[in-house]
Amino acid sequence: MNSRHIIAMIMAVIMSAAYGGARELSVIPQPRHTEWLSDINLIPADIQPRIKVDSLSTDVTRPEGYILTITPECITIEARDGNGVIWAERTLQQLRLPDGSYPAVRITDYPEFPIRGFMYDYGRNFVGTHRVKEFIDLISAYKLNVFQWHLTDKPAWRIVNQEDIPMV
């Protein structure tokens, strides 16, 4: 063994000791609390997600919060409101592995800030509507809840609402 192999092995041992074997999920943003229920992944052959939305739930106390539980029996989403259900579904999409399996976990999550947004200046960077729809899907995947859309740079420009124009 040469010295490079020895150094690489020592670094691997140090890194594994520092890492502590803790597993992290490939989810953006990282959830507040993750509890691993099993070391094996679950294949959802005939698992149908059971969605439970309970506004009086004592388990989910924060707005837009949710608890996502994946077990061999079912996938359960507990949320305080509809936004919590959407964020839990987005987390579930991110958890799906390429082979179609899911890790057996219980995730408790809620947003840190009430407003999490993205601003797109369409007046300076024109793209088609298909790209704007892709942006909206992308910001939803990152669990952002505000989309500020600047259509033009002209300060007096307004969208005309046909219902507000009086008939003469």
Side-chain angles (χ1 to χ4, degrees), residues 11-123 125 127-151 159:
M11 291 301 293
V13 170
I14 291 172
M15 293 301 287
S16 66
Y19 184 65
R23 299 187 307 184
E24 285 194 21
L25 295 173
S26 166
V27 176
I28 298 173
Q30 280 289 308
R32 300 276 173 196
H33 178 71
T34 304
E35 176 186 348
W36 292 90
L37 304 176
S38 173
D39 289 337
I40 60 170
N41 291 335
L42 307 172
I43 308 269
D46 40 344
I47 293 178
Q48 293 297 322
R50 182 176 47 133
I51 299 176
K52 174 185 172 186
V53 179
D54 185 6
S55 61
L56 302 175
S57 174
T58 58
D59 294 337
V60 183
T61 58
R62 303 238 182 163
E64 300 185 42
Y66 64 89
I67 298 173
L68 173 65
T69 307
I70 303 174
T71 63
E73 294 80 33
C74 67
I75 298 172
T76 305
I77 297 172
E78 296 179 54
R80 181 176 170 179
D81 51 24
N83 287 343
V85 173
I86 292 170
W87 303 146
E89 289 174 350
R90 287 300 192 166
T91 300
L92 191 60
Q93 289 173 352
Q94 291 182 23
L95 287 173
R96 186 177 180 132
L97 300 173
D99 64 353
S101 64
Y102 294 96
V105 294
R106 178 179 168 94
I107 295 174
T108 304
D109 196 17
Y110 56 88
E112 174 127 10
F113 303 106
I115 297 175
R116 303 164 315 280
F118 176 78
M119 192 274 295
Y120 183 65
D121 192 352
Y122 194 76
N125 304 304
V127 294
T129 56
H130 67 284
R131 289 288 293 164
V132 174
K133 290 177 182 179
E134 289 174 6
F135 284 141
I136 292 171
D137 285 341
L138 187 62
I139 67 172
S140 175
Y142 287 112
K143 303 173 188 161
L144 302 177
N145 64 355
V146 174
F147 178 64
Q148 184 176 350
W149 196 6
H150 289 214
L151 296 174
I159 295 177

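Note that the numbering runs from 1 along the sequence shown for the chain.
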Partner set under side chain to side chain contact (heavy atoms under 4.5 Å, CB included) for Ile136, not counting sequence neighbours = Val132, Phe147
Quick one: CZ on Phe135 to NE2 on His130, what's the gap to the nearest 0.5 Å?
-> 9.5 Å
Any side-chain donor-acceptor pair under 3.5 Å between Thr61 and Arg80?
-> no
Hey, does Lys143 have a side-chain heavy atom less than 4.5 Å from the side chain of Glu64?
-> no
Evaluate the side-chain proximity of Leu68 to Tyr102: yes if any heavy-atom separation is below 4.5 Å, no if none is.
-> no
Side-chain donor-acceptor contact under 3.5 Å, Tyr66 with Thr91 = yes
Side-chain contact, heavy-atom cut-off 4.5 Å: Leu95 with Ile107?
-> yes
Note, Gln148 side chain near Phe118 side chain (heavy atom, < 4.5 Å) | no
Taken to the nearest 0.5 Å, the spacing of Ile77 CD1 from Trp87 CH2 works out to 13.0 Å
Arg106: partners by salt bridge (charged side-chain N to carboxylate O under 4.0 Å, His left out), with sequence neighbours left out | none
Heavy-atom pair with the smallest gap, counting every atom of Gln94 and Ala141 | NE2-O, 2.9 Å
Give, for atom OG1 of Thr108 and atom CD of Glu78, the distance between the pair rounded to the nearest 0.5 Å.
-> 9.0 Å
Minimum-distance pair of heavy atoms, taken over all atoms of Gly65 and Pro111 = N-CD, 4.4 Å
Should Arg116 and Val146 count as side-chain neighbours, where that means a heavy-atom distance under 4.5 Å?
-> no
Report the residues that fulfil side-chain hydrogen bond (donor to acceptor under 3.5 Å, both in side chains) with Glu35, sequence neighbours left out, ordered by chain and then residue number.
-> none
Drop me the distance from Arg32's CZ to Ile67's CD1, to the nearest 0.5 angstrom.
-> 14.0 Å
Could you state the interatomic distance from CD1 (Ile86) to CG (Asp81), rounded to the nearest 0.5 Å?
-> 9.0 Å
Separation between CD1 (Ile70) and CD1 (Ile75), nearest 0.5 Å, reads 5.5 Å
Give the intermediate values and the outcome of side chain to side chain contact (heavy atoms under 4.5 Å, CB included) for residues Asp109 and Thr34.
-> CA-CA 9 Å; Asp109 196 17; Thr34 304; over 6 Å; no
Work out which heavy atom in Gly84 is nearest to a heavy atom in Ala79; give both atom names and the distance.
-> C-CB, 3.7 Å
Apply side chain to side chain contact (heavy atoms under 4.5 Å, CB included) to Asn145 and Asn83, showing your working.
-> CA-CA 9 Å; Asn145 64 355; Asn83 287 343; 5.8 Å; no
